[in-house]
Undergrad: 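If you scroll down you'll find the structure; I have some questions about it.
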Amino acid sequence: GYALPARGRRGEAVIRDCLRFRCRATASVIAECARVCRGAGKEFGVNLYDPCWHTPELHFGYDLASLAPHLDYNLIENHAMGRTGVDNAHLAGFVADSGKPTFVVSYRKGIGLDAHWSQRDVDALVTEAASVGYNPCIKASEFVRGRTWHALDIGTLSAPAITRKQSGL
């Protein structure tokens, strides 16, 4: 560690030390949270955002290898929903290698910025999830129309259809 304040300290070594400290501190907090949850008979996981698109050590302050033993499942949020479908294919290796259930929430623009999903959006998400091997999630309360937040109107949707051509099933 460094004595504080750390004014005048510069260079790559200081940056590496800071990132390592941040990752160790995060892992320590996550380990304690997992201990408490499991002690209460619950499973535990945290939002990893997208560890395959981002460098989590730099962007989010965690090292996946240090967190993995404390997670019972993986939760990923990303911006993989495009105009004509979803593309989480980059997660295939992660999903297969983790050996844990993986849940993915994909946005176009982000929380409170996406319009209500169409049936085509839901079908594309479920189709791709079946192909890649993750559990698709839709947060049903984060849509906007105009400047008003609203919930997903489930009455406008039917059961998802998996398109075999698209998923390779």
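Residue numbers run from 1 in the order of the sequence given. Since the structure is predicted, the reported quantities are computational estimates derived from the model, not experimental observations.
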Undergrad: At their closest point, which heavy atom of V132 faces which heavy atom of V95, and how far apart are they?
TA: O-CG1, 4.1 Å
Undergrad: So does G61 get a backbone contact from the side chain of T26, meaning a donor-acceptor N/O pair under 3.5 Å?
TA: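 Checked: pair present.
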Undergrad: Closer than 4.0 angstrom, basic N to acidic O: yes or no for D121 and R108?
TA: yes
Undergrad: When you look at NZ of K109, are more than 12 heavy atoms from neighbouring residues, nucleotides or ligands closer to it than 6.0 Å?
TA: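 Counting other residues, nucleotides and ligands, NZ of K109 stays at 12 neighbours or fewer.
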Undergrad: Check step by step if side-chain hydrogen bond (donor to acceptor under 3.5 Å, both in side chains) holds for H54 and N78.
TA: CA-CA 10 Å; H54 304 284; N78 62 25; over 6 Å; no
Undergrad: Identify the two heavy atoms, one from F94 and one from C52, that lie closest to each other, and give their separation to 0.1 Å.
TA: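 Scanning both residues completely, I find the closest heavy atoms to be CB-SG, 3.7 Å.
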Undergrad: Any chance you could measure E12, atom CD, to D17, atom CG, to the nearest 0.5 Å?
TA: 11.5 Å
Undergrad: Do L19 and I15 touch side chain to side chain, with heavy atoms closer than 4.5 Å?
TA: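 Yes, side chains in contact.
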Undergrad: State whether the side chain of Q119 and the backbone N or O of S158 hold a donor-acceptor pair below 3.5 Å, judged by distance alone.
TA: yes
Undergrad: Please give me the minimum heavy-atom distance between G45 and L71, naming the atom from each residue.
TA: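 In this case the closest contact between G45 and L71 is CA-CD2, 3.9 Å.
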Undergrad: Check whether any side-chain heavy atom of E128 sits under 4.5 Å from a side-chain heavy atom of Y134, and report yes or no.
TA: yes
Undergrad: What about F103 and Y107, same hydrophobic cluster or not, with Ile/Leu/Val/Met/Phe/Trp/Tyr joined at side-chain heavy-atom distances under 4.5 Å?
TA: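 Yes, one cluster joins them.
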Undergrad: Is there a side-chain contact between R35 and F44 (heavy atoms, below 4.5 Å)?
TA: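 Contact flag for R35/F44 side chains = no.
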Undergrad: Flag the pair D72 and R38 as a salt bridge only when some basic side-chain nitrogen lies within less than 4.0 angstrom of an acidic carboxylate oxygen.
TA: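 Yes.
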Undergrad: Give me the atom names and distance for the closest heavy-atom approach of A34 to H70.
TA: CB-O, 3.4 Å
Undergrad: What is the distance from atom OG of S66 to atom CZ of R20, rounded to the nearest 0.5 Å?
TA: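 Answer for the OG-CZ pair, S66 versus R20, is 12.0 Å.
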Undergrad: Salt bridge check: are R120 and D123 linked by an N-O gap of less than 4.0 Å?
TA: no
Undergrad: Check L64 against P51 and note the closest heavy-atom contact, atom names and distance.
TA: CD2-CB, 4.2 Å
Undergrad: Does L48 reach the side chain of V46, with side-chain heavy atoms less than 4.5 Å apart?
TA: yes
Undergrad: If you look at every heavy atom in G112 and V144, which pair is closest and at what distance?
TA: O-CG1, 2.9 Å
Undergrad: Judged by atom type as modelled, is there a donor-acceptor pair below 3.5 Å linking the side chain of T55 to the main-chain atoms of E57?
TA: no
Undergrad: Does any N or O in the side chain of N88 come within less than 3.5 Å of the main-chain N or O of L91, such that one atom is a donor and the other an acceptor?
TA: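 No, because the side chain of N88 does not come within donor-acceptor range (under 3.5 Å) of the backbone of L91.
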Undergrad: With a 4.5 Å limit on heavy-atom distance, are the side chains of H116 and L152 in contact?
TA: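 They are in contact (side-chain heavy atoms under 4.5 Å apart), so the answer is yes.
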Undergrad: Rounded to the nearest 0.5 Å, how far does CH2 of W117 lie from CE of M81?
TA: 3.5 Å
Undergrad: Could you check whether any side-chain N or O of K100 sits under 3.5 Å from a backbone N or O of A68, counting only pairs where one atom can act as donor and the other as acceptor?
TA: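 Looks like yes, one N/O pair under 3.5 Å.
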Undergrad: Any non-hydrogen side-chain atom of V104 less than 4.5 Å from a side-chain atom of P136?
TA: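 No. Closest side-chain heavy atoms not under 4.5 Å.
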Undergrad: Please check this pair: side chain of D87 against backbone of A89, looking for a donor-acceptor N/O pair closer than 3.5 Å.
TA: yes
Undergrad: I'd like to check V105 versus L75 (side-chain heavy atoms, cut-off strictly below 4.5 Å). Are they in contact?
TA: yes
Undergrad: Measure centre to centre between the rings of H59 and Y49, then say whether the value is under 6.0 Å.
TA: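 Ring centres of Y49 and H59 not closer than 6.0 Å.
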Undergrad: Do the non-hydrogen side-chain atoms of I138 and F143 ever get within less than 4.5 Å of each other?
TA: yes
Undergrad: One pair to check against side chain to side chain contact (heavy atoms under 4.5 Å, CB included): D50 and H90. What are the steps and the verdict?
TA: CA-CA 10 Å; D50 195 324; H90 68 284; 2.8 Å; yes
Undergrad: How many angstroms lie between CZ in F60 and SG in C23, if you round to the nearest 0.5 Å?
TA: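 SG of C23 is found 12.0 Å from CZ of F60.
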